[in-house]
Amino acid sequence: MNAPLLSVRDLKVHFPIRVGGVLQGRYKQLKAVDGVSFDLMPGETLGIVGESGCGKSTMGRAVLQLIKPTQGQVIWLGQDLAKLGAKQMRAKRQDMQIIFQDPLACLNPRITVGDIIAEPLRTFHPDMTSAEAKSRVQKLMQQVGLHPNMINRYPHEFSGGQCQRIGIARAMIVEPRLIVCDEPVSALDVSIQAQIINLLRDLQQRFQLSLIFISHDLSVVRHISHRIMVVYLGKVMEVADRDALYTHPRHPYTKALISAVPLPDPDQERAKQRIVLSGDLPSPLNPPPGCVFASRCPIRTELCATTPPVLEERSTDHHAACHHSE
Amino acid sequence: MSLLAVENLEVRFDTADGEVCAVNDVSFSVEPGETLGIVGESGSGKSQVFFAVMGLLAANGRARGKVRFRDTDLLGMPVSQLNTIRGAHLSMIFQDPMTSLNPYLRVSKQMTEVLVQHQHKSEQDARRIAIELLERVQIPEAARRFDQYPHEFSGGMRQRVMIAMALLCQPDLLIADEPTTALDVTVQAQILDLLAQLRDTLNTAIILISHDFGVVAGLCERVAVMYAGRIVETAPVREIFYRPQHPYTRGLLQSLPRLDADDHQELPTIPGQPPNLQSLGEGCAFSERCPLVQPHCLTDRPLLRQIAEDHSKACHRDLAA
Ligand SMILES: Nc1ncnc2c1ncn2[C@@H]1O[C@H](COP(=O)(O)OP(=O)(O)OP(=O)(O)O)[C@@H](O)[C@H]1O
Ligand SMILES: Nc1ncnc2c1ncn2[C@@H]1O[C@H](COP(=O)(O)OP(=O)(O)OP(=O)(O)O)[C@@H](O)[C@H]1O
Ligand code: SF4
Ligand code: SF4
Ligand SMILES: [Mg+2]
Ligand SMILES: [Mg+2]
């Protein structure tokens, strides 16, 4: 067994939220990420799927220390990242990049695309000549499907999917060992999406790149991931090998997700029986005392309302958090 | 009379490196209660067509052609007049939530403003209506979160806030640009049900721009496929999925990752690069990447032509079904 690149243990991120009036308001903790643990091997892809607002982006950012975790550890090649000084952490950043979910909001509107993509090179390779940097930028633009002669344009002059590709090129240019991909392909047409997925997999095979791949698209996640983690309200519901998760989902939420994937076939899609979840989405400010999924779960019992289930191994490397999963 | 009729629409942008031809000779119409899906290449002009319709092009952009909403010409209409139509009959859900949500204003303020200004509702009624809609798009504890700022919501919640905002005035035409990209499939399914319900009860026409062929397959009656600023194929939804006639449409459908795929091979892709909209040549814009290209494709631009009842494509060749 080789050692994990990254070990995350009991990670928690809680945001203080003011509730009540502006004057006599009190603060409540919003538990965006609430006790998540996993290992990531070199060259491995962990897919993360889950409800909007369940904490996926927050988790990705906390792993990279872009948000300070409230509790828990992020261990990078045996080193606890929280214990590193600012300077040491900066040096590590080259190895861990992120592709942000909201591309336009994250790109500086006043500098050209070429400079945006080259920015990490300037930070981490200040001695690189600008000719060399430019040729690298152009090569990457080509690889992510952007015309290299758009190099002098500004972010607002690009479409949503083109902005997304700028973010992808920028993350890849320093050849990191880990990329957190936050919904990297959801804004892209399926052909470019396929190109980017193939590109990420190719880089992975060549450089042992590890990926944390956050997406709501279960078909894409299945295609790219080795393991998949299903998250709900900041907690892990199920983790398993990709094929095991799709062929034998054990958690009711996973089952509902798989049944709701829209099929690219009008007759099948319109005839499809999906598991309809009724019940309200729980509020992260007021999480239910028992199982977080209980308000929408089709097979809940009284036990679920009072006692939170623990994440347990149900078969080899297949974990689920449910009182009643097979 | 069509609800929306677009004729020979062109959108051009001036940039430091020359003119970008983002939308080229696009024509289509939408009837009341109809659902039209727009799919196609990223950067092919899908959003800009509707920015032009809404009068929201960036400052360096210009639109030419005709856009009629019922019997009113929208292109070139003064902003004040356009505003009344936009507020009351036409709304758009934008691809990037942060472009239409003001980061410095509470969500409550942004939502009630529309109702107070356009429908002269009282502040109190406006709050009630807005919170009700937030609940319908599944924002948990809507009443409590109502007064928060956009950055305090997750990406998908911001998207749902926008959907709710677009529905506030019960528009006759809803333009939804990638409305559910950030949502998990269980919530997405609920939102799509909500849209279908609006269409069926209020006869709302919907234009859905999406990269998700599953979503289009489920909701739309007709589909238009765009490439390099043009509509290259348009047909009823079953025709597009089961009998695509344009090589680009076929390439797209073949690139889809399948949920039921056990193999994890390379995904098929369309080889080559999307064309440069600053220098579109004479011929077919897809010719560099087309497996069926012939010499005259490089010199003659194929126009959209009818190939069967209600099925058109812009391609010189006739494909075997
Ligand atoms: N302000 C601008 N200046 C110059 N070019 C622009 C501007 N806005 C958009 N473009 C260009 O116009 C083309 C069409 O953009 P549009 O946003 O309509 O694409 P789209 O089909 O919606 O793509 P996506 O699926 O990625 O959202 C793109 O190639 C883009 O680069
Ligand atoms: N800066 C912040 N302040 C307060 N609350 C926040 C902040 N950032 C995120 N949250 C809250 O934390 C929770 C998790 O948000 P996060 O963005 O991680 O969700 P997500 O799983 O990425 O969702 P999506 O799929 O919609 O992007 C949400 O309830 C969100 O409202
Ligand atoms: S623990 Fe109970 S409520 Fe939670 S998922 Fe399992 S059956 Fe459903
Ligand atoms: S016109 Fe020619 S190049 Fe264009 S899509 Fe048809 S066959 Fe291909
Ligand atoms: Mg997110
Ligand atoms: Mg767009």
Side-chain angles (χ1 to χ4, degrees), chain A residues 17 19 49-53 57 101-102 104-105 142 145 147 149 152-153 156-162 183 186-195 197-198 201 216-220 222-223 243 246 256-258 260-267 269-270 274 277 280-286, chain B residues 13 15-17 20 39-43 47 58 60 95-99 138 140-141 144 152-157 159-160 178 181-189 211-215 217-218 237-238 241 251-253 255-259 261-262 264 266-270 273-274 276 278:
Chain A
I17 296 282
V19 290
V49 297
E51 194 83 32
S52 155
S57 300
Q101 177 173 12
D102 223 347
L104 202 54
Q142 193 100 42
H147 238 280
N149 57 13
N152 292 323
R153 290 192 16 203
H156 67 270
E157 300 176 343
F158 286 85
S159 76
Q162 289 167 334
E183 302 273 3
S186 41
L188 305 179
D189 69 71
V190 289
S191 162
I192 306 244
Q193 177 178 304
Q195 271 174 22
I197 291 172
N198 290 345
R201 283 170 35 135
H216 73 291
D217 186 331
L218 280 88
S219 328
V220 170
R222 174 166 195 191
H223 201 89
D243 292 331
Y246 284 93
L257 279 178
I258 292 175
V261 171
L263 306 172
D265 180 317
D267 291 346
E269 173 62 13
R270 287 165 205 222
R274 83 174 131 90
L277 295 179
D280 292 333
L281 297 188
S283 158
L285 278 173
N286 255 329
Chain B
F13 290 103
T15 72
D17 300 328
V20 174
V39 298
E41 207 211 355
S42 159
S47 299
N60 64 333
Q95 186 168 12
D96 183 353
M98 283 324 242
T99 53
Q138 311 279 327
E141 289 200 294
R144 193 186 309 191
E152 294 176 272
F153 290 78
S154 78
M157 286 187 218
Q159 212 169 24
R160 279 174 279 164
E178 301 281 359
T181 37
L183 305 182
D184 103 32
V185 286
T186 64
V187 175
Q188 169 171 284
H211 289 304
D212 189 327
F213 278 75
V215 169
V237 65
R238 295 183 77 253
F241 280 84
L252 273 184
L253 289 167
S255 310
L256 290 176
R258 318 273 322 188
L259 183 65
D262 285 331
H264 302 275
E266 292 249 303
L267 290 166
T269 61
I270 303 172
Q273 295 284 321
N276 181 1
Q278 273 156 247

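Side chains are part of it too, since the values below use all heavy atoms of this structure and drop only hydrogens, waters and symmetry mates. Just so we're on the same page: letters track the sequence lines, and every chain starts at 1.
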**Under 4.5 Å from a heavy atom of chain A, the part of B:Ala189 involved** = both
**Message:** I'd like to know which of A:Asp265, A:Asn152, A:Leu263, A:Asp217 tops the heavy-atom pair count under 4.5 Å against chain B.
**Reply:** A:Asp265
**Request:** Please state whether the side chain, the backbone, both or neither of A:Gln193 comes within less than 4.5 Å of a heavy atom of chain B.
**Result:** side chain
**Any donor-acceptor pair under 3.5 Å from B:Gln138 side chain to B:Arg160 backbone** = no
**Asked** Hey, which of B:Ser42, B:Ala16, B:Pro140 has the most heavy atom pairs under 4.5 Å with chain A?
**Response** B:Ser42
**Contacting region of A:Gln162 [heavy-atom separation from chain B under 4.5 Å]** = both
**Request:** Hey, could you give me the OG1/CD distance between B:Thr15 and A:Glu157, rounded to the nearest 0.5 Å?
**Result:** 6.0 Å
**Request:** Let me know if A:Leu257 has heavy atoms under 4.5 Å from chain B in its side chain, its backbone, both or neither.
**Result:** both
**Request:** Find the one option among B:Met157, B:Gln188, B:Glu41 whose heavy-atom pairs under 4.5 Å with chain A are most numerous.
**Result:** B:Glu41
**Asked** When only pairs under 4.5 Å are counted, which of A:Ala260, A:Ala256, A:Pro264, A:Gly145 shares the most heavy-atom pairs with chain B?
**Response** A:Pro264
**Fill in**
The interface call for B:Asp17 against chain A, heavy-atom contacts under 4.5 Å, is side chain
**Message:** Using side-chain heavy atoms (C-beta onward) and a distance below 4.5 Å, is B:Val237 in contact with A:Arg270?
**Reply:** yes
**Request:** Decide yes or no on side chain to side chain contact (heavy atoms under 4.5 Å, CB included) for B:Val215 and A:Glu269, but give the supporting numbers first.
**Result:** CA-CA 9 Å; B:Val215 169; A:Glu269 173 62 13; over 6 Å; no
**Request:** Enter the distance from A:His216:NE2 to A:Glu183:CD here, rounded to the nearest 0.5 Å.
**Result:** 6.0 Å
**Request:** Could you tell me which of A:Pro284, A:Ser57, A:Ser219 has the largest number of non-hydrogen atom pairs under 4.5 Å with chain B?
**Result:** A:Ser219
**Asked** By a 4.5 Å heavy-atom criterion (distance strictly below it), what part of A:Glu51 contacts chain B: side chain, backbone, both, or neither?
**Response** both
**Request:** Please look at A:Ser191 and chain B and tell me whether the side chain, the backbone, both or neither of the residue comes under 4.5 angstrom of a heavy atom of that chain.
**Result:** both
**Item:** Close side-chain approach of B:Leu267 and B:Ser255, heavy atoms under 4.5 Å
**Value:** no
**Request:** Measure across A:Ile197 and A:His223 and return the closest heavy-atom pair with its distance rounded to 0.1 Å.
**Result:** CG2-CD2, 4.3 Å
**Message:** Any non-hydrogen side-chain atom of A:Asp267 less than 4.5 Å from a side-chain atom of B:Phe241?
**Reply:** no
**Complete:** Correct closest heavy-atom pair for B:Val20 and B:Gln278 would be CG2-CG, 3.7 Å
**Request:** Please flag which part of A:Ile258 lies under 4.5 Å from any non-hydrogen atom of chain B: side chain, backbone, both or neither.
**Result:** both
**Message:** Please classify the contact of B:Val39 with chain A as side chain, backbone, both or neither, using a heavy-atom distance under 4.5 Å.
**Reply:** neither
**Message:** Between A:Arg274 and B:Val185, is there a side-chain heavy-atom distance shorter than 4.5 Å?
**Reply:** no
**Prompt:** Which atoms of B:Thr186 come close to chain A, meaning under 4.5 Å heavy atom to heavy atom: side chain ones, backbone ones, both, or neither?
**Reply:** both
